[in-house]
Amino acid sequence: MTASVFFGCTFIAFGPAIALFLFTIAREPLRVIFLIAGAFFWLVSLLLSSLVWFISVQISNKDSAVQQKGLLIFGVVLSVLLQETFRFAYYKLLKKANEGLLTLSQEETMPISIRQLAYVSGLGFGFMSGAFSVVNILADSVGPGTVGIHGDSQHYFLSSAFMTMAIILLHMFWGVVFFDACEKQRWWAVAAVVVSHLIVSCLTFQNPEYVASLVPTYIILFLMGVWAFYSAGGSLRNLKLCLTCKDKDFLLANHRPR
Amino acid sequence: MNASDSDEDFYNERTALVPSENPTVPSYNLDSDPPSDLPPRRVQQAVARRAGPVAADGGGSSDQEVEPDDEELTLKYGAKHVIMLFVPVTLCMAVVVATIKSVSFYTEKTDQQLIYTPFTENTPSVGRRLLNSVLNTIIMISVIVVMTIFLVILYKYRCYKFIHGWLILSSLMLLFWFSFMYLGEVFKTYNVAVDYPTVGVIIWNFGAVGMICIHWKGPLQLQQAYLILISALMALVFIKYLPEWSAWVILGAISVYDLVAVLCPKGPLRMLVETAQERNEPIFPALIYSSAMVWTVGMASPTDALRSETDEAAEQRDREVEPESQPSRGFSEDDMDEDRGVKLGLGDFIFYSVLVGKAAATGGDWNTTLACFVAILIGLCLTLLLLAIFKKALPALPISIAFGLVFYFSTDFLVQPFMDNLAAHQYYI
């Protein structure tokens with residue numbers, strides 16, 4: 001419980017997300033705005049699910065620990081479903097806004113494509129979700145204390161940080177796949193996203209058995225990443241061109257010689 | 001100095017230091033906060049100052065000349081203006097939250113209260129406490145209304161010297177006295193021993209440069225930084241000296257007042273903005289945060305000649321009107337889209353920061369602070385969207401404060417127990 005734990009866990013949890021933000025989003029005002037709007041939508045979904053959970057707790061038997069745990073699990077599932085509903089709602093809103101802008105401008109191209117919006121909104125969801133999950137824990141890690149003094153796991157902070165990183169990246173991948181699936185009317189893909197979100201959340205019910213929860217989560221993260229890569233238009237050929245700096249479109253766009 | 005990437009080509013020293021104005025075009029205004037005066041607590045003098053309304057002069061003339069082809073450009077530049085306001089608002093809130101979380105002075109409960117909130121909240125009964133906070137709010141709002149009307153009357157009757165004196169006195173107070181207090185508390189928190197001569201040198205330099213930057217000329221970014229700092233200082237004073245419930249009721253009431261004052265035809269703020277526009281003068285720089293990049297060297301001499309000006313106004317005119325106003329005017333009209341910045345009143349900064357600071361002060365929960373922060377930014381975004389649609393002065397407080405209050409209370413009562421329970425079991429949603 002020192003500064004090193006604090007900084008280490010902060011960078012583990014938020015490092016990739018902040019890097020993504022700084023390198024791809026920070027310079028474009030429109031993307032920043034849609035990121036914050038995405039965060040807002042996630043927040044509203046959390047609010048609604050907390051409201052339902054709170055009401056259910058008030059009318060339940062507060063002394064029964066089993067019942068409380070059951071209600072919490074119900075709260076988690078409800079929250080996941082609401083998050084995905086709000087992702088869909090955000091998609092609908094963005095489509096409408098884009099259509100409106102397109103008709104107004106009579107231009108062929110929109111200032112921001114639906115794929116970029118998918119990426120940005122997914123990252124917005126991820127940022128807010130990650131922040132709400134881990135910021136209080138990080139704040140506590142600065143102060144004095146001994147982790148797991150009552151027999152709990154000693155890896156609380158580290159596992160929280162890794163889990164948060166996975167969740168943030170997963171939200172981004174889910175966003176990309178979800179929007180792409182909605183665009184192409186592939187409802188099975190939408191259902192797959194919802195189911196994978198549910199699986200990841202339900203895996204955390206096994207905590208503090210971190211191996212059982214973190215390893216499958218990272219496997220799902222990797223698979224979703226690959227799926228998102230392909231649905232965003234990537235391919236092995238693209239990847240090879242990009243890595244060997246031979247991708248002409250990318251180089252032209254960044255004014256670099258080959 | 002003038003760090004705008006779109007006008008590096010035509011930056012020159014002249015344009016950097018001149019306040020922007022756009023008199024002939026209907027303003028792209030975002031009004032927020034009435035200029036009300038906030039009496040400094042310690043000194044208990046009549047002179048106080050509240051940074052005033054937001055006059056957002058967006059890009060005036062371009063609105064009417066925008067053709068359908070330019071919508072995309074407008075959207076891009078609209079987004080840029082939103083970000084130009086997000087950054088200072090975020091910085092101000094960050095300074096306030098960082099101070100609140102580290103320097104305990106501003107969260108210590110004290111029995112001292114501002115003379116504008118005389119009713120104490122130390123009563124045991126809930127009803128009495130509520131009544132006291134409502135009474136406090138009524139007194140505070142009436143003081144603000146009276147000060148605003150007084151300011152507008154002074155402005156209408158061209159008592160510029162008085163207004164300038166008033167503003168200078170209140171910014172003197174903020175820049176020297178409050179920052180001295182702040183520095184003292186920071187040193188106490190970190191247990192740093194500093195001698196008086198060093199502190200004297202620091203405060204003197206800080207204050208003197210601040211006065212020059214705010215009231216006269218200075219590099220744009222330095223001016224912006226000072227405005228952000230004094231808004232943060234003022235917000236911290238409010239957070240310390242306003243009693244708990246009174247603060248929330250005051251926030252709500254001031255948003256309603258802002259709405260009324262800016263949108264009603266006879267509202268004081270609206271009259272202030274319209275009078276300023278009629279006379280082609282900028283609203284006092286000490287009350288407005290401006291993100292404008294290139295300044296139009298606007299005022300052509302024919303309009304000046306028509307007016308009988310006082311010394312102050314003439315001085316102001318000389319400062320603002322550089323020679324050869326005509327060429328620069330035509331020059332800047334070509335690049336209207338890039339020129340226009342957006343302006344936000346300092347009162348908005350102050351009240352946003354008060355909301356977020358109070359969220360950070362009460363309870364150790366960071367979730368509430370984050371939620372309020374996002375809510376306020378979204379409110380600001382929506383307000384700017386409305387600004388782009390309606391193209392006239394708009395209050396910047398109501399939507400943001402409404403969202404902020406809703407999210408504060410709901411996060412504090414509903415979301416926090418849920419997230420605490422989840423964190424205890426390490427469940428992730």
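Worth saying up front: this structure is predicted, and the values here are computed from it rather than measured. So that the names make sense, note that chain A is the first sequence line, chain B the second, and so on, each numbered from 1.
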Looking at [options], which one has more heavy-atom pairs under 4.5 Å with chain B than the rest?
options: Val32(A), Val80(A), Ile36(A); answer: Ile36(A)
options: Thr164(A), Leu47(A), Val135(A); answer: Leu47(A)
options: Phe132(A), Tyr156(A), Phe54(A); answer: Phe132(A)

Restricting to non-hydrogen atoms, name the atom on [X] and the atom on [Y] that form the minimum distance, rounded to 0.1 Å.
X: Ser50(A); Y: Leu414(B); value: CB-O, 3.7 Å
X: Ala79(B); Y: Leu30(A); value: CB-CD1, 3.4 Å
X: Ser159(A); Y: Gln426(B); value: OG-NE2, 3.0 Å
X: Ile429(B); Y: His197(A); value: C-NE2, 3.9 Å

Legend entry - Region of Phe127(A) in contact with chain B, defined by heavy-atom distances below 4.5 Å: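 Neither part, no heavy atoms under 4.5 Å.
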Does a side-chain heavy-atom distance below 4.5 Å link [X] with [Y]?
X: Phe418(B); Y: Val57(A); answer: no
X: Asn421(B); Y: Trp53(A); answer: yes
X: Thr411(B); Y: Leu46(A); answer: no
X: Ile33(A); Y: Cys381(B); answer: yes

Where on [X] is there a heavy atom nearer than 4.5 Å to chain A: the side chain, the backbone, both, or neither?
X: Leu370(B); answer: both
X: Phe413(B); answer: backbone
X: Ile83(B); answer: side chain

Legend entry - Sub-6.0 Å ring centroid separation between Phe205(A) and Tyr427(B):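 Yes.
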Inset, instruction - Could you check whether the rings of Phe40(A) and Phe407(B) sit parallel, tilted or perpendicular, using 30° and 60° as the cut-offs? - result: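 If you compare the ring of Phe40(A) with that of Phe407(B), the planes turn out tilted.
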Distance (rounded to the nearest 0.5 Å) between [X] [atom1] and [Y] [atom2]:
X: Leu422(B); Y: Thr204(A); atom1: CG; atom2: OG1; result: 8.5 Å
X: His425(B); Y: Lys69(A); atom1: NE2; atom2: NZ; result: 5.5 Å
X: Leu48(A); Y: Ser410(B); atom1: CG; atom2: OG; result: 9.5 Å

Legend entry - Backbone N/O of Tyr428(B) and side chain of Ser201(A): donor-acceptor pair under 3.5 Å: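 Yes; judged by distance alone, with no hydrogens or angles, the pair exists.
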Legend entry - Lys96(A) atom NZ: more than 12 heavy-atom contacts under 6.0 Å: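 No - once you tally the heavy atoms of other residues, nucleotides and ligands closer than 6.0 Å, there are 12 at most.
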Inset, instruction - Give a yes or no on this: more than 12 heavy atoms of other residues, nucleotides or ligands lie within 6.0 Å of atom CD1 of Ile389(B). - result: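 Yes, the 6.0 Å shell around CD1 holds more than 12 heavy atoms from other groups.
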Inset, instruction - Go through Trp366(B) and Leu138(A) one step at a time and tell me if the side-chain contact (heavy atoms from CB on, under 4.5 Å) criterion holds. - result: CA-CA 10 Å; Trp366(B) 281 89; Leu138(A) 288 175; over 6 Å; no
